[in-house]
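Notes follow once the structure below has been shown.
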Amino acid sequence: MAFYEGVFFDFDYTLGDATECIQAGFYGAFEEMGLPRPDGEAVRRTIGMTLEDAYTLLSGDGDTGRRAEFRRRYVHIADPLQVSQTRLFPGAVELLDWLNAGGVRVAVVSTKRRATIQRVFDHYGLADRLSLCVGGEDIHRPKPDPEGALLALERLNLRREAVLFVGDTLIDAETAHRAGLDFAAVCNGTTPAAAFASVPHVQIAPDLAGLQGWLEGQKLATL
């Protein structure tokens, strides 16, 4: 196998940790909607889902109008906090720099809003490390539907077999599988390594430094 020409990353709990602002958005929106404050750890476990599905899971309310209301209230509260309260995981900058130096195309494919992700990358001075960002506003069907990943393939003119999809949840693993992409898990989030053993994957890394070490070995093996 030739070394990957592109690497697509999920964002939350893969490259970055926005737990504080996400929890603040949930707490505030639930309060405004007259609902009991959700447990913080329960909120953490929803990261990677769409906001609407996370709301329904935590509240038991599946009403379409209320789901949309929650998103509006959440965004109003959380959006101003996204840049100041989002940190990149250790190893993220080093991995992005290494991929860029090797001519690998880097994309983010996330259910998070593209504009928010781009603001975070701008804040850290990393905007030029991304070849493409596909966010929730760019698609009609969120992960695990492969629409976002396939859109990134099309826009970057990359072959499926030449791309690695990196994520932290089983949703990401299913997205990669349905898009026909190799999948590598990083265990920065709430999904344990053991959970990935039964799904198609090429690597399960404890963190981003571990992923980079594996990728370096893959590249050497193709030289």
Side-chain angles (χ1 to χ4, degrees), residues 1-18 47-51 75 79 82-83 86-89 91-169 171-186 188-189 201-203 205 208 211-212 214-216 218-219:
M1 180 193 77
F3 185 66
Y4 297 107
E5 297 172 10
V7 177
F8 297 172
F9 291 94
D10 174 52
F11 184 78
D12 283 315
Y13 282 163
T14 297
L15 290 174
D17 183 355
I47 293 176
M49 301 172 61
T50 65
L51 288 173
V75 169
D79 197 54
Q82 291 281 356
V83 171
T86 297
R87 64 179 181 86
L88 297 180
F89 282 112
V93 175
E94 293 82 357
L95 176 55
L96 294 173
D97 283 345
W98 180 78
L99 290 170
N100 273 255
V104 178
R105 309 295 296 279
V106 174
V108 169
V109 178
S110 175
T111 56
K112 199 181 191 82
R113 293 173 64 242
R114 169 175 38 82
T116 300
I117 296 169
Q118 290 176 327
R119 283 168 51 213
V120 171
F121 271 80
D122 286 343
H123 173 72
Y124 283 102
L126 298 172
D128 62 344
R129 308 306 200 277
L130 288 184
S131 298
L132 180 68
C133 182
V134 177
E137 67 266 54
D138 299 313
I139 58 174
H140 299 289
R141 300 177 301 279
K143 295 184 293 185
D145 190 284
E147 180 185 359
L150 296 177
L151 178 61
L153 283 173
E154 179 184 352
R155 289 187 177 177
L156 294 177
N157 193 29
L158 292 170
R159 299 169 294 115
R160 298 182 192 212
E161 61 270 23
V163 172
L164 176 69
F165 194 104
V166 180
D168 66 285
T169 67
I171 293 173
D172 295 320
E174 177 66 15
T175 301
H177 178 66
R178 292 172 65 178
L181 308 178
D182 282 354
F183 174 72
V186 287
N188 289 328
H201 66 275
V202 294
Q203 177 66 3
L208 293 172
L211 177 67
Q212 181 173 337
W214 176 78
L215 284 168
E216 289 173 348
Q218 295 295 108
K219 186 170 186 179

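Positions are given from 1 along the sequence.
Within the model, atoms SG of Cys133 and CZ of Arg113 stand 11.0 Å from one another, a figure rounded to the nearest 0.5 Å. In this structure, CD1 in Ile117 is found 9.0 Å from CG in Leu15, a value given to the nearest 0.5 Å. In this structure, Asp12 CG and Asp17 CG are separated by 8.0 Å, a value rounded to the nearest 0.5 Å. Distance check: Leu181 CG to Phe165 CZ gives 7.5 Å after rounding to the nearest 0.5 Å. Rounding to the nearest 0.5 Å places CD of Glu216 at 9.0 Å from CG of Leu95.
Residues in residues 125-134 take part in these side chain to side chain donor-acceptor pair (under 3.5 Å) pairs, two or more places apart or across chains: Asp97-Arg129, Arg105-Ser131.
Contact record, Thr111 with Pro142: CG2-CB, 4.0 Å, taken as the closest heavy-atom pair. In plain terms, the two heavy atoms of Leu132 and Ala152 that are nearest each other are CD2-CA, 3.5 Å. Closest heavy-atom contact between Leu164 and Trp214: CD2-CZ3, 4.1 Å. Shown here for Ala18 and Thr86, the closest heavy-atom pair between the two residues is CB-OG1, 3.4 Å. Across all their heavy atoms, Ala127 and Asp122 have their closest contact at CB-OD1, 3.1 Å.
Under the rule for a side-chain hydrogen bond (donor to acceptor under 3.5 Å, both in side chains), the partners of Asp10 that lie at least two apart in sequence or sit in another chain are Thr14, Lys143.
Using a 4.0 Å cut-off between a side-chain N of Lys or Arg and a carboxylate O of Asp or Glu, Arg119 and Asp79 qualify as a salt bridge.
Listed for the Asp138 side chain is a donor-acceptor partner under 3.5 Å among the backbone atoms of Gly135. Asn100 places a side-chain N or O within donor-acceptor distance of the main-chain N or O of Leu96, the cut-off being under 3.5 Å. Formation of a donor-acceptor pair under 3.5 Å by the Arg160 side chain with backbone atoms of Ala179 is found in this model. Here the side chain of Glu147 pairs a donor or acceptor atom with the backbone of Arg141 at under 3.5 angstrom.
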What verdict does the side-chain contact (heavy atoms from CB on, under 4.5 Å) test give for Thr175 and Asp145, after you've listed the backbone C-alpha separation in whole Å, the side-chain angles of each residue and the deciding distance to 0.1 Å? CA-CA 6 Å; Thr175 301; Asp145 190 284; over 6 Å; no
Given side-chain contact (heavy atoms from CB on, under 4.5 Å), test Val163 with Tyr4 step by step and report yes or no. CA-CA 5 Å; Val163 172; Tyr4 297 107; 5.6 Å; no
Given side-chain contact (heavy atoms from CB on, under 4.5 Å), test Gln82 with Lys112 step by step and report yes or no. CA-CA 11 Å; Gln82 291 281 356; Lys112 199 181 191 82; 3.2 Å; yes
Output, in order, the C-alpha distance, side-chain angles, deciding distance and verdict of side-chain contact (heavy atoms from CB on, under 4.5 Å) for Val106 and Phe9. CA-CA 8 Å; Val106 174; Phe9 291 94; 3.9 Å; yes
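Looking only at atom types and distance, the side chain of Asp172 has a donor-acceptor partner in the side chain of Thr169 under 3.5 Å away.
Both cation-pi conditions hold for Lys219 and Phe3: the charged atom is under 6.0 angstrom from the six-membered ring centre and inside a 45 degree cone around its axis.
More than 12 heavy atoms of other residues, nucleotides or ligands shown are found within 6.0 angstrom of CD on Glu137.
The shortest side-chain heavy-atom distance between His177 and Phe183 does not fall under the 4.5 Å cut-off. Side-chain atoms of Leu130 and Val108, non-hydrogen and from C-beta on, do get closer than 4.5 Å to each other.
Ring geometry for Phe11 versus Phe121: interplanar angle of 30 to 60°, hence tilted.
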